[in-house]
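Have a look at the structure below, then the notes.
Letters A, B, ... are given to chains in the order of the sequence lines, protein chains preceding strands, and every chain is numbered from 1.
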Protein chains: 2
Amino acid sequence: MENDPALPSLNQEPELLKTVLNKEGFRFTSQRQKILDLFQSAALGHHLNAEEIHQQLLDQGEKISFSTIYRALHVMVQLGLLQELELAEGRKYYELNTPFMDQHHHLVCVHCGDVQEFEDAKMTQVGSSESAARGFSLLNCQFTVYGICPSCQSLLG
Amino acid sequence: MENDPALPSLNQEPELLKTVLNKEGFRFTSQRQKILDLFQSAALGHHLNAEEIHQQLLDQGEKISFSTIYRALHVMVQLGLLQELELAEGRKYYELNTPFMDQHHHLVCVHCGDVQEFEDAKMTQVGSSESAARGFSLLNCQFTVYGICPSCQSLLG
DNA sequence: TGAATAGCGAAAATGATTTTCAATAACCCT
DNA sequence: AGGGTTATTGAAAATCATTTTCGCTATTCA
Ligand SMILES: [Mn+2]
Ligand SMILES: [Mn+2]
Ligand SMILES: [Zn+2]
Ligand SMILES: [Zn+2]
C-alpha cells in the first residue's frame with residue numbers, strides 16, 4: 001500500500017526532519033534527530049516511553065535531559081510524526097505515526113505488560129462513521145484490548 | 001437484554017454492596033456505599049474522577065479523604081462493579097461496569113473534553129477474536145476515538 | 001459482646017511530567 | 001561568513017494525581 005502523501009515519510013530523506021520542523025516554526029536540533037532515530041531503528045511493534053528513550057541514548061553515549069525528551073515528544077506528536085499511546089499504567093508510550101488507514105491496535109497483557117499489535121479495518125470504519133455521525137472531525141482511534149497472555153495464564157494456574 | 005448473572009446488579013438490592021464486598025473478604029463501609037451511590041445517581045454517560053467524587057460528596061455534606069476514595073475505586077474495579085477509563089489527560093475516570101456484551105465506547109473532543117458514548121458489536125467481536133487468536137484471556141476492550149466536536153470546530157474556525 | 005483486623009483520615013511520599021531560568025545554538029538577514 | 005534574535009537546552013525546582021504510612025476507629029464474626 002502507498003504511503004499517505006500528507007504524512008511525511010522520514011525513513012528515506014535524512015534531511016526531512018529539519019524541513020518538517022522548520023515549516024512549523026520549530027528548529028532542527030541534534031536531540032530531536034537522535035530521538036526520532038531511536039524510533040526509526042526500534043523493532044517493529046516496540047513502543048517507547050521517556051524513560052526508555054533516556055536510557056537508550058545514555059547507552060549509546062548521548063547525554064540528554066528528560067525535559068528535552070518530553071518537549072521533543074510533544075513537538076513530534078504535534079507534527080504528526082509520532083503517535084501517543086495510553087497502553088497502561090501511568091506512563092505514556094510513543095511510536096512512529098502511520099497513515100490513518102493503516103492504523104493498528106493493541107492487545108495488552110495486564111499481568112506482564114506484553115503488547116501485541118493487530119490491524120482490522122473495521123476499527124477505522126467504526127471510528128469514521130461514529131465521528132461523522134456526530135459531526136466530529138476525526139483525529140485518531142485507539143482500540144486497546146486488555147487480557148492475560150498465554151504464558152501468564154499458565155503461571156497463574 | 002438480560003443482565004449477565006455473573007455481574008452483580010446493584011441498582012435494586014440496597015444490601016447487595018455488602019454481600020459483594022464480604023464475599024471477597026472486604027468490609028462494607030458507609031464511604032464505599034456513598035461512592036457507589038454517586039455512580040448510580042450520575043447521569044447516563046457521565047464519567048467521574050476522584051476529584052469530582054470528592055467534590056460531590058463535599059457538596060452533599062459528606063467529608064471523605066482522597067485516600068479513601070482511591071482505595072474504594074480500586075476495590076470496586078477489582079469486584080467488577082466499576083470500570084476504569086483512560087479517556088485522556090492524566091487522570092482516570094470511572095463508570096458503572098456493564099456486562100461485556102453491552103460494552104460501549106467513547107468519542108472524545110480533545111479540545112473541550114466532551115465525551116460521547118456509542119455501542120457497536122463489531123468492537124466486541126474484534127476484541128474477542130483477536131484475543132482468542134493469540135491465546136489471551138480477554139478482560140476488556142476500550143475503543144476511544146479522538147476528534148474535535150462540532151462546537152469546537154466552529155470556535156476554532 | 002469482644003478480639004482481631006480491615007478501613008479510615010491526615011499528612012508525607014512518590015513518580016511521571018512540566019516549568020523555570022540562565023546559557024547555548026539554530027535560523028534568518030545582511 | 002558574521003551577528004542579532006529567539007527557540008531550545010539542561011539542571012533544578014515545581015506540579016499534580018495517586019499511593020503509602022501510621023495511629024485510630026469501626027466492621028466482622030465467633
Ligand atoms: Mn503499536
Ligand atoms: Mn462510558
Ligand atoms: Zn503476560
Ligand atoms: Zn469540543
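Sorted by first and then second residue, the salt bridge (charged side-chain N to carboxylate O under 4.0 Å, His left out) pairs involving residues 37-65 of chain A (not counting sequence neighbours) are A:K34-A:E62. Sorted by first and then second residue, the salt bridge (charged side-chain N to carboxylate O under 4.0 Å, His left out) pairs involving residues 111-124 of chain B (not counting sequence neighbours) are B:D120-B:K122. Among residues at least two apart or in separate chains, ring pair (Phe, Tyr, Trp, His ring centres under 6.0 Å) pairs with a member in residues 110-153 of chain A are A:F143-B:F143.
For B:H74, the ring-ring contact (aromatic ring centres under 6.0 Å, His included) test picks out no residue, with sequence neighbours left out. In this structure, A:H105 has no ring-ring contact (aromatic ring centres under 6.0 Å, His included) partners at least two apart in sequence or on a different chain. The ring-ring contact (aromatic ring centres under 6.0 Å, His included) check on A:Y70 picks up nothing, with sequence neighbours excluded. Applying the side chain to side chain donor-acceptor pair (under 3.5 Å) test to A:E130 and every residue at least two apart in sequence or in another chain returns A:R134.
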Extract all donor-acceptor atom pairs below 3.5 Å that involve side chains of residues 150-157 of chain B and protein atoms in other chains or at least two apart in sequence.
| unit_1 | atom_1 | unit_2 | atom_2 | d |
| --- | --- | --- | --- | --- |
| B:Q153 | NE2 | A:G135 | O | 2.7 |
| B:Q153 | NE2 | B:I148 | O | 2.8 |
| B:S154 | OG | B:P150 | O | 3.2 |
| B:S154 | OG | B:S151 | O | 3.0 |

Would you be so kind as to tabulate the donor-acceptor pairs closer than 3.5 Å made by side chains of residues 76-89 of chain B, with sequence neighbours excluded?
| unit_1 | atom_1 | unit_2 | atom_2 | d |
| --- | --- | --- | --- | --- |
| B:Q83 | NE2 | B:N97 | OD1 | 2.8 |
| B:E84 | OE2 | B:Y94 | OH | 3.0 |

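Note: A:Q33 CD to A:F28 CZ = 4.5 Å, rounded to the nearest 0.5 Å.
Judged by closest nucleotide on DNA chain C, B:G25 is the one of B:G25 and B:R71 placed further toward the 5' end.
Contact between the side-chain N/O atoms of A:H74 and the OP1/OP2 oxygens of C:dT18 is found at a separation under 4.0 Å. Between C:dA16 and A:R91, a contact under 4.0 Å exists linking OP1 or OP2 to a side-chain N or O.
Residue-level contact check: B:Q31 touches the backbone only, with heavy atoms under 4.0 Å from sugar-phosphate atoms and none from bases. A:H54 comes within contact range of no nucleotide atom at all, as no heavy-atom separation falls under 4.0 Å. Across all strands, B:R32 comes closer than 4.0 Å only to sugar-phosphate atoms, never to a base (heavy-atom distances).
Non-hydrogen atoms lying under 4.0 Å from DNA chain D are contributed by A:K63, A:I64, A:S65, A:S67, A:T68, all within residues 56-70 of chain A.
The nearest whole Å value for the distance from the CG atom in A:L73 to the C1' atom in C:dT17 is 11 Å. Distance, B:E89 CD to C:dT17 C1': 12 Å, rounded to whole Å. Protein atom CD of A:E52 is 14 Å distant from nucleotide atom C1' of C:dA16, rounded to whole Å.
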| note | Its contact letters, B for base, S for sugar-phosphate only and - for none at protein heavy atoms under 4.0 Å, make nucleotides 25-30 of chain C read BBS---
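The shortest distance between side-chain heavy atoms of B:V145 and A:V126 does not fall below 4.5 Å.
In 5' to 3' order, the nucleotides of DNA chain D bounding all contacts with chain B (an atom under 4.0 Å from a heavy atom) are D:dA17 to D:dT28.
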